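Here the structure comes first, spelled out in structure tokens, and everything after it is commentary.
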There are 2 protein chains.
Amino acid sequence: MTRKSDPLEKLKALPHVFVTDGEPIRSNWREAFPQAQLGYTRATSCEASVVWVLLPYTGDITPLIRRWQRMVGDAPVVALSDEPRDEEGMVALRAGVSGYCNGYASPAVLQQVAETVLQGGVWLGQSLLQKLVATTAQNLPKPAVAPLDWTLSLTEREVIVARAVASGASNKEIADQLNITERTVKAHLTAAFEKLRVRDRLQLTLLVNGITELKAPS
Amino acid sequence: MTRKSDPLEKLKALPHVFVTDGEPIRSNWREAFPQAQLGYTRATSCEASVVWVLLPYTGDITPLIRRWQRMVGDAPVVALSDEPRDEEGMVALRAGVSGYCNGYASPAVLQQVAETVLQGGVWLGQSLLQKLVATTAQNLPKPAVAPLDWTLSLTEREVIVARAVASGASNKEIADQLNITERTVKAHLTAAFEKLRVRDRLQLTLLVNGITELKAPS
DNA sequence: AAAACCATTGTACTAAGGTACAACCCGGGA
DNA sequence: TCCCGGGTTGTACCTTAGTACAATGGTTTT
């Protein structure tokens, strides 16, 4: 291992995953990212460079976005909308997306959005941002101390299992999905419980989903 | 893709102009844009692809930004700060900049920022945006489709127990807290599972915490 | 008053989650 | 080479969660 493993490089090597409601990959997406893949709705974990979620016309988009965020861990999630509206963009932003753009955006724009979000930036259209700024007076509370990253103390495998649990999967389901024994799943979980100082899968879930905080710096 | 007379192409052909307080062009700027030029403070008009304004440490930055916006017309203005702070970023945004980033950002990042703003986007760091979204959350319209309220189909007692479960409590703990039997807690939970169509306490937790959605309108 | 709903509890019983105490394989570093 | 950590699995056991099939008493609706 000569060079330090750059997380960005590793992320970039992964494919772009597009999440749709049954629709195949669009030509503009394919053109921007020849390696584009469709997201599998039932998966509980996913390796991706960037996850592009095509927003459905109706319904609450927050759970959809959150779900994929949990699945991919630190890969950025970008919301695609065929009818971009500022209100929808706000909801998406509040859900934590790293970008919000038109589902029919040109390949060039898509690539640029990808570049931006992969570097930790956020991509927005002008209109949305104007609204954002306009409605924000001068109050800037909430220093928002960066929440401790629970993944730090866990091994790769433990993180995967923890994410699956936190999305509601049973040990058996996780075992099947990862092609390992239920016993192994339990082993990973026991290790995770210990490291994160929680007593069971439910408290682990709260932690993974950011509802509770990591306590002692293990 | 051959494009016609695109205003974007014309804009891109112009040099990048850096506005400083007497400082020469920095190496990272030059590296990112070999054609980089310094902006003259006294000028009244300027042709530029992107105007990068290095913010002075003190004083009101709004007039400075506005001035250059007027000078360049439709070219985007990006604020550079050697000590980026969210408060300063907010001020810059309110002044109408298309981006706000570190004055010592790497050439790669600068180029990417340029790409973004040239396409009409806005480039921000994660932290600033989070703050923006957080403070704007209350003032903007709620999600178009109000998420179904899971409490509607439950009795008062079931809601209480469900909330307790969703915060990580065990049946025994809930029983003690409510001064009832563990058996009763189970009864309420079983009823809640049935009504909300979930199979166990973990999925109930996801529902209560808004991570998943209520499916069938029971 | 009867029906319907709610909160409560009991006795099983089954299923799932979690722990204890291991073992094996593999790759990398002292 | 030996040791160590990560991933894997086994057996046994205990605890917790959840279900089946009840019952009781209270309140509200019909």
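Throughout, a chain's letter reflects where its sequence line sits, starting with A, and its residues are numbered from 1. None of these values were measured; they are calculated from a predicted model.
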- Task: Report yes if the side chains of B:Leu54 and B:Val19 come closer than 4.5 Å at any heavy-atom pair, otherwise no.
- Result: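 A side-chain contact under 4.5 Å is absent here.
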Check every strand shown and say whether [X] touches a base, only sugar-phosphate, or nothing at a heavy-atom separation below 4.0 Å.
X        : answer
B:Arg157 : sugar-phosphate
A:Thr184 : base
A:Thr181 : sugar-phosphate

Residue [X], side-chain heavy atoms: nucleotide from [options] that is nearest:
X        : options               : answer
B:Thr190 : C:dT8, D:dG18, D:dG6  : D:dG18
A:Ser170 : C:dT8, C:dG17, D:dG6  : C:dG17
B:Lys186 : C:dG18, D:dA17, C:dT9 : D:dA17
B:Leu189 : C:dT9, D:dG18, C:dG17 : D:dG18

Separation of [N] [atom2] from [X] [atom1] (nearest whole Å):
X        : N      : atom1 : atom2 : answer
A:Ile180 : C:dC24 : CD1   : P     : 21 Å
B:Glu158 : C:dT8  : CD    : C1'   : 13 Å
A:Leu178 : D:dT8  : CG    : C1'   : 12 Å
B:Lys172 : C:dT9  : NZ    : P     : 12 Å
A:Glu182 : C:dT19 : CD    : P     : 14 Å
B:Phe193 : D:dG18 : CZ    : P     : 4 Å
A:Glu194 : C:dT19 : CD    : P     : 9 Å
B:His188 : C:dT9  : NE2   : P     : 8 Å

- Those residues that, when tested against A:Glu158, pass side-chain hydrogen bond (donor to acceptor under 3.5 Å, both in side chains) (two or more places apart):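 Testing A:Glu158 for side-chain hydrogen bond (donor to acceptor under 3.5 Å, both in side chains), a comparison that skips the adjacent residues, returns A:Thr155, A:Lys195.
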- Task: Evaluate the side-chain contact (heavy atoms from CB on, under 4.5 Å) criterion for residues B:Val208 and B:Leu204: first the C-alpha distance (whole Å), next the side-chain angles of each, then the deciding distance (0.1 Å), finally the verdict.
- Result: CA-CA 6 Å; B:Val208 169; B:Leu204 188 151; 3.5 Å; yes
- Could you tell me whether the phosphate oxygens of C:dA7, OP1 or OP2, come under 4.0 Å of any side-chain nitrogen or oxygen in B:Thr155? yes
- Item | Presence of A:Asn171 side-chain N/O under 4.0 Å of C:dA16 phosphate oxygens OP1/OP2 |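 So the side chain of A:Asn171 is outside the cut-off, no N or O lying under 4.0 Å from OP1 or OP2 of C:dA16.
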- Distance from B:Ile65 atom CD1 to B:Leu55 atom CG, nearest 0.5 Å?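 Rounded to the nearest 0.5 Å, the CD1-CG separation comes out at 5.5 Å.
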- Can you find a donor-acceptor pair, distance only, under 3.5 Å between A:Arg183 side chain and D:dG10 base? yes
- Item | Between B:Arg201 and B:Asn171: side-chain donor-acceptor atoms closer than 3.5 Å | yes
